[in-house]
Number of protein chains: 2
Amino acid sequence: MADPTFSIGRLAQASGCKVPTIRYYEQVGLMPPPARTAGNQRVYTRHHAERLTFIRHARDLGFPLDDIRDLLGLTETPTASCAEADRIARRNLESVRHRIQRLKLLEAELERMTEHCECGTVDRCRVIEILSDHDKCLADDHPPAP
Amino acid sequence: MADPTFSIGRLAQASGCKVPTIRYYEQVGLMPPPARTAGNQRVYTRHHAERLTFIRHARDLGFPLDDIRDLLGLTETPTASCAEADRIARRNLESVRHRIQRLKLLEAELERMTEHCECGTVDRCRVIEILSDHDKCLADDHPPAP
DNA sequence: CTTGAAGCTATAGCGACTAGAGAATTTAGG
DNA sequence: CCTAAATTCTCTAGTCGCTATAGCTTCAAG
């Protein structure tokens, strides 16, 4: 009859979030303030668990909290167009692709550094050398704007 | 005879760092405090420019400031073994590779989301659906520890 | 009833900057 | 030489997404 309820610790276990993180999400308005026991401890419902799973999952996918806030807003009016959700997801996909591209450049550069290091003294170190001389670097562009 | 000197603005231009970033690096001990004019403005030398280029370059390659501090320390004793520099570079290479792996999972998941979105209403949105249901997600592992 | 785990609030810290206020200094042009 | 504009100065606070700590209260098991 009555839905099961959870303490913050159980909710943390169920969701994979840490306890302080859940309180943080409440503080910044991502999670609604739950009911409290007589002794002031938080009591969560299945609704909270679902919402937190959504948040956790979106975080795992790299969505910033502001985007998650927007997505959560959308889920509350299910008849709204999902074009906005699509736009948010595409934006994050773009950002992920940018980061991959950039990191691949760095990977190549770091490989070059470590492969040619013969581990003598610092004054002949390939790592130091490449870091010191900008011209010897391949990946010298700047990271994309957020 | 006298080496050329730079104002903080020129050093910023030359290095690609922003002015407040240079001051920040001084504050956290990465850049040595430069001489000052009679009017208290910073006066930089070629040494500073080289050091800042090193820092900037290492930052571009994803080295954390603490690692950069260590590397700068090494450059000051050129007869030291470069094994430590090599170790730092390899550690960062590892970290970059981890991040690439992780981001590729996210990319696949986000592609799956956006490709199947038919942009109707939110209650049938593929993006929202996947975010809501953990079982529908491929990339549900947790990011690697720093 | 006791004990230990789990919960509470509040504050501060992380990394690596960035932004803003308000005052002082420098530089270029007239 | 003087003024106006650009640059620089210090200081504080804010960003993001938590995490850690301190010092307390409440809850659940035995």
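What you see is a predicted model, and the numbers here were worked out from it, not measured in a lab. Lettering of chains follows the sequences in order, A, B, ..., and the numbering in each one begins at 1.
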Please determine, for the side chain of [X], which listed nucleotide ([options]) has the closest atom?
{"X": "B/R42", "options": "D/dC9, C/dT18, C/dA16", "value": "D/dC9"}
{"X": "B/Q41", "options": "C/dT18, D/dT7, C/dC17", "value": "D/dT7"}
{"X": "B/I8", "options": "D/dC9, D/dT19, D/dC18", "value": "D/dC9"}
{"X": "B/Y24", "options": "C/dC8, D/dT7, C/dA16", "value": "C/dA16"}

Atom-pair distance ([atom1] on [X]; [atom2] on [N]), nearest Å:
{"X": "A/D67", "N": "D/dC16", "atom1": "CG", "atom2": "C1'", "result": "13 Å"}
{"X": "A/L30", "N": "D/dG17", "atom1": "CG", "atom2": "C1'", "result": "11 Å"}
{"X": "A/K18", "N": "C/dG7", "atom1": "NZ", "atom2": "C1'", "result": "18 Å"}
{"X": "A/R59", "N": "D/dG17", "atom1": "CZ", "atom2": "C1'", "result": "6 Å"}
{"X": "B/M31", "N": "C/dC17", "atom1": "CE", "atom2": "C1'", "result": "16 Å"}
{"X": "B/E26", "N": "D/dC11", "atom1": "CD", "atom2": "C1'", "result": "14 Å"}
{"X": "A/R10", "N": "C/dG7", "atom1": "CZ", "atom2": "P", "result": "9 Å"}
{"X": "B/I68", "N": "C/dG15", "atom1": "CD1", "atom2": "C1'", "result": "12 Å"}

[N] phosphate, OP1 or OP2, under 4.0 Å from [X] side-chain N/O:
{"X": "A/R36", "N": "C/dT9", "answer": "yes"}
{"X": "A/R23", "N": "C/dT9", "answer": "no"}
{"X": "A/S7", "N": "C/dA6", "answer": "no"}
{"X": "A/Y25", "N": "D/dG17", "answer": "no"}
{"X": "A/R56", "N": "D/dC18", "answer": "no"}
{"X": "A/R69", "N": "D/dG17", "answer": "no"}
{"X": "A/T37", "N": "D/dC27", "answer": "yes"}

Take A/N40 and A/Q27, find for each the nucleotide of DNA chain C with the closest heavy atom, and name the residue whose nucleotide sits nearer the 5' end. A/N40

Between CD1 of A/I8 and OH of A/Y44, what distance do you get to the nearest 0.5 Å? 4.0 Å

Find which nucleotide of DNA chain D each of B/G39 and A/G39 is nearest to by heavy atoms, and output the residue with the more 5' nucleotide. B/G39

How would you label the contact of B/F63 with the nucleic acid (heavy atoms, under 4.0 Å): base, sugar-phosphate, or nothing? nothing

Look at [X] together with [Y] and state whether they make a salt bridge at an N to O cut-off of under 4.0 Å.
{"X": "B/R126", "Y": "A/D86", "value": "no"}
{"X": "A/R90", "Y": "A/E94", "value": "no"}
{"X": "A/R51", "Y": "A/E76", "value": "yes"}

Give the intermediate values and the outcome of side chain to side chain contact (heavy atoms under 4.5 Å, CB included) for residues A/T45 and A/F6. CA-CA 6 Å; A/T45 67; A/F6 317 93; 5.8 Å; no

Passes side chain to side chain contact (heavy atoms under 4.5 Å, CB included), A/H48 versus A/I22? Steps please. CA-CA 10 Å; A/H48 292 96; A/I22 298 174; over 6 Å; no

